[in-house]
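Just below is one structure, and these are the notes that go with it.
Since we're looking at a predicted model, the values are computed, not measured.
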Amino acid sequence: MKLNITDRFNKELPADPIMGNSRRQVSGACFSYVTPKKPSNPSLVHVSPEMVEALGITESITSKDFLGVFSGSMVLEGTQPYAMCYGGHQFGNWAGQLGDGRAINLAEVEHNDKTWALQLKGAGETPYSRTADGLAVLRSSIREYLCAEAMYYLGVPTTRSLSLVLSGDQVLRDVMYDGNPAYEKGAIVCRVAPSFIRFGNFEILAAQDDVETLRELADFTIKHHYSYLGNPSKETYLAFFKEVAMKSLDMVIHWQRVGFVHGVMNTDNMSILGLTIDYGPYGWLEGYDHGWTPNTTDKAHKRYRYGTQLQVVLWNLLKLANALYPLIEEVEPLQAILGEYQDKLKIAYLTMMRSKLGLYETDTHDQDLVDKLEDILQRSETDMTIFFRLLADFKKDGSTAGLELVKEAFYNPDEIKGEVELQWNNWFLAYRERLKIEQKDDVERVAGMNAVNPKYVLRNYMAQMAIDAADKGDYSLLDELFNLLKQPYEEQLNMQKWFTKRPEWARNKVGCSMLSCSS
């Protein structure tokens, strides 16, 4: 296979001198060389044509070489695959060394003036696998493969997906960590990003007091991903931290806009480029609920629930600031950047909510309008995606009844009575009056709202249906969802069946509501 290989990370940064996959603590290095495990009988399940083109792959996707490279059976000529070393704070606690336990970086590829890192997830053990096998199953791989592409087309900063391959091997997994392991089909996803560097890559070096390597990593990251900031210096490191903070804010505001909950916002799952990374127990809000998390591991404390994601990013940025401190040696400028994040967070969130409501002028009462809406949305289970999509058709001339317009968004319509009904009617009256301030006509407003409020998102029950079919060898639903989610803001009238609330059978079904980090 011919690709324009431009490896940088494993050419410019220090490597672990020890070869082999023995589990170990690594110091003085940013990565360890490792070879993917050869699957017994790999077969291609699905490919993203857009990413094939973006990478400049001219090889047929049905070729032996394509399958060989992206299943881990074959190493690209002239490359040295590796696993990254990083640490992280998991659920608020320092976890020490973590690293790529089931991810192996194949190479970096340049095409059309863009550089992409290729990474196989589920291709076998690495020095960072700890007690695990480094493998992945079809269930979790479908979820990652579909979600990364769905997020991209929603306009959310994200890693991308290239391919999904069955390994032909059986992998033992305890889905809900309840002592009932079972064998599942093994699978491998090739995910793609400009870089997979995380907050944790910096944290582990700071924790090891390895300032020299920390500086090398920071300089490398600035050189290749933030070159517009200038040559390395204390001021440049501060500018770098500020850029990461603002990119991270942009990312999480997009999450809130589309109702996405990451589920595992540990610092090792935070991209230094502000990309959504590591799709495990994620989910989209069904009922609008600031307290919802899809992660069963987080069920008791709900640290990573929908309503805390903006503040969790801030907490994670604080940990990154601590890691970068040895390069700056001043607390105040780092604190100032964190303070700026907090200030911009409030403005960015209100701006985002205004866009969802079709409000383009500014009014001093907008925050109150948003606050009251978010309160009443949680009084009765109300589907977030459906509510905001239907709301676009509300007319400011008084010709539409608000509750009647959005009734399909309510999971329990009988609950919309008494005080709740009164609150809704009062809110719609206030909304109608607010719309009268707008200069745009209803047609323009509808177009604007429909451009930020998706009609289709990857609900967990949809992914689970594709998983169940794929487990039986039927990939047609996987392909249908893949193509549906390329146009999440379009009407797609032939796909109207997916514009619906979560079915009742999925409310408490494993994979549809309850997800573990194994997911």
Side-chain angles (χ1 to χ4, degrees), residues 7-39 72-73 75 79-91 93-108 117-136 140 167 169 171-174 177 186 188 191 195-218 220-221 264 266-272 277-278 280 319-320 322-323 326 517-518:
D7 281 343
R8 303 179 306 196
F9 190 91
N10 62 340
K11 300 297 183 185
E12 299 179 27
L13 291 169
D16 174 7
I18 302 174
M19 306 299 284
N21 279 346
S22 61
R23 313 303 200 269
R24 58 184 178 271
Q25 291 293 305
V26 174
S27 60
C30 293
F31 65 93
S32 302
Y33 290 113
V34 61
T35 302
K37 178 181 180 180
K38 291 187 178 182
S73 302
V75 174
T79 66
Q80 290 181 286
Y82 59 94
M84 288 183 174
C85 178
Y86 50 82
H89 282 82
Q90 299 193 324
F91 298 98
N93 300 304
W94 175 242
Q97 177 181 293
L98 297 167
D100 285 332
R102 59 172 174 171
I104 297 174
N105 299 269
L106 298 181
E108 291 173 88
L118 306 178
Q119 186 182 84
L120 296 186
K121 186 172 182 179
E125 62 188 34
T126 78
Y128 310 101
S129 297
R130 303 190 292 286
T131 59
D133 56 20
L135 303 176
S140 60
S167 66
D169 300 305
V171 177
L172 188 64
R173 285 292 180 270
D174 187 347
Y177 302 143
I188 302 150
R191 52 188 188 180
S195 173
F196 288 95
I197 299 174
R198 306 145 185 269
F199 287 16
N201 291 78
F202 296 87
E203 284 188 284
I204 190 65
L205 298 172
Q208 295 171 343
D209 293 322
D210 186 355
V211 179
E212 180 181 349
T213 308
L214 175 67
R215 190 180 303 277
E216 286 187 72
L217 178 61
F220 172 90
T221 307
V264 198
N266 298 328
T267 56
D268 56 296
N269 291 337
M270 291 289 292
S271 161
I272 206 70
I277 194 170
D278 287 340
K319 297 307 169 186
L320 178 62
N322 289 339
C517 290
S518 165

*Check whether any side-chain heavy atom of Asn201 lies under 4.5 Å from a side-chain heavy atom of Ile272, and answer yes or no.*
no
_According to side chain to side chain contact (heavy atoms under 4.5 Å, CB included), who are the partners of Pro326, at least two apart in sequence or on a separate chain?_
Val211, Leu214
*With sequence neighbours excluded, tell me which residues meet side-chain hydrogen bond (donor to acceptor under 3.5 Å, both in side chains) with Asp16.*
Arg24, Ser32
_Pairs touching residues 202-214 that satisfy salt bridge (charged side-chain N to carboxylate O under 4.0 Å, His left out), sequence neighbours left out_ = none
*Examine distances only and state if a side-chain atom of Glu108 and a backbone atom of Arg8 form a donor-acceptor pair shorter than 3.5 Å.*
yes
*Using ring pair (Phe, Tyr, Trp, His ring centres under 6.0 Å) as the criterion, list what pairs up with Tyr82, not counting sequence neighbours.*
Phe9, Phe31
*asked:* Applying side chain to side chain contact (heavy atoms under 4.5 Å, CB included) to Lys11 and Gln80, what does each step give before you reach the verdict?
replied: CA-CA 10 Å; Lys11 300 297 183 185; Gln80 290 181 286; 3.8 Å; yes
_Smallest separation among heavy atoms of Val171 and Gly186, with atom names_ = CG2-CA, 3.7 Å
_Rounded distance (nearest 0.5 Å) linking atom SG of Cys30 with atom CG of Leu217_ = 5.0 Å
*Rounded to the nearest 0.5 Å, what's the gap from CG on Asn105 to OG1 on Thr79? Could you check?*
11.0 Å
*salt bridge (charged side-chain N to carboxylate O under 4.0 Å, His left out) with Arg23: which residues, sequence neighbours excluded?*
Glu125
_Those residues that, when tested against Lys37, pass salt bridge (charged side-chain N to carboxylate O under 4.0 Å, His left out) (two or more places apart)_ = none
*asked:* Which heavy atom of Pro39 sits nearest to which heavy atom of Ser73, and what is that distance?
replied: CD-OG, 3.4 Å
_Using side chain to side chain contact (heavy atoms under 4.5 Å, CB included), reason through Phe196 and Met84 one step at a time and then give a plain yes or no._
CA-CA 9 Å; Phe196 288 95; Met84 288 183 174; 4.2 Å; yes
*Can you name the salt bridge (charged side-chain N to carboxylate O under 4.0 Å, His left out) partners of Asp133, sequence neighbours left out?*
Arg173
*Not counting sequence neighbours, which residues clear side chain to side chain contact (heavy atoms under 4.5 Å, CB included) with Gln90? List them please.*
Ala95, Leu98, Asn266, Asp268
*Of all residues at least two apart in sequence or in a different chain, which pass the side-chain hydrogen bond (donor to acceptor under 3.5 Å, both in side chains) check with Thr35?*
none
*Can you check whether Phe202 reaches Ile197 side chain to side chain, under 4.5 Å on heavy atoms?*
yes
_CG-CZ distance between Leu118 and Arg191, expressed to the nearest 0.5 angstrom_ = 12.5 Å
*Partners meeting side-chain hydrogen bond (donor to acceptor under 3.5 Å, both in side chains) with Arg198 (sequence neighbours left out)*: Asp278
*Hey, could you give me the CZ/CZ distance between Arg130 and Arg102, rounded to the nearest 0.5 Å?*
10.5 Å
*What residues, two or more places apart in sequence or in another chain, satisfy side chain to side chain contact (heavy atoms under 4.5 Å, CB included) together with Ala83?*
Val34, Asp100, Thr126, Tyr128
*Quick one: pull up CD1 in Ile188 and CD1 in Ile104 and give me the separation to the nearest 0.5 Å.*
9.0 Å
*Can you name the residues that form a side-chain hydrogen bond (donor to acceptor under 3.5 Å, both in side chains) with Asn322, not counting sequence neighbours?*
none
*If you round to the nearest 0.5 Å, how far is CD1 of Ile204 from CD of Gln25?*
7.0 Å
*With distance as the sole test, does Thr267 use its side chain to make a donor-acceptor pair with the main-chain N or O of His89 at under 3.5 Å?*
yes
*Are the side chains of Thr221 and Ser195 in touch, meaning some heavy atoms are under 4.5 Å apart?*
no
